[in-house]
Amino acid sequence: MWPLPVRNLLFLGKAFEQKLLNQRIRTIGDMAREREANVQLWLGEKPEHR
């Protein structure tokens, strides 16, 4: 699954995909290896919502 593009993630829209691509996150594996705090910052998720 990790080599798949991030656009294959369920509920990930085009705008969020573009934000990830801007951060050089191209695959699900790239996202899995990234720090959670960074992904939350890029996607705008509040830390208290888990």
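Treat the numbers as computed from the prediction; the structure is a model and nothing was measured. Just the heavy atoms: all of them, side chains too, but no hydrogens, waters or symmetry mates, feed the values below.
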Summary of side-chain hydrogen bond (donor to acceptor under 3.5 Å, both in side chains) pairs that have at least one residue in residues 9-18, sequence neighbours excluded: Q18-N22
Residues that, via side-chain heavy atoms closer than 4.5 angstrom, fall in one hydrophobic cluster with L21: none
Closest approach of E34 to I25 (non-hydrogen atoms, all atoms of both residues): OE1-CD1, 3.9 Å
Residues in side chain to side chain contact (heavy atoms under 4.5 Å, CB included) contact with R35, at least two apart in sequence or another chain: A37, N38
Sub-4.5 Å side-chain heavy-atom contact between L4 and T27: no
Validation row: L9, M31 side chains within 4.5 angstrom (heavy atoms): yes
Gap between atom NZ of K19 and atom CG of L41 - 0.5 Å precision: 9.5 Å
Test side-chain hydrogen bond (donor to acceptor under 3.5 Å, both in side chains) applied to R33 - qualifying residues, sequence neighbours left out: D30
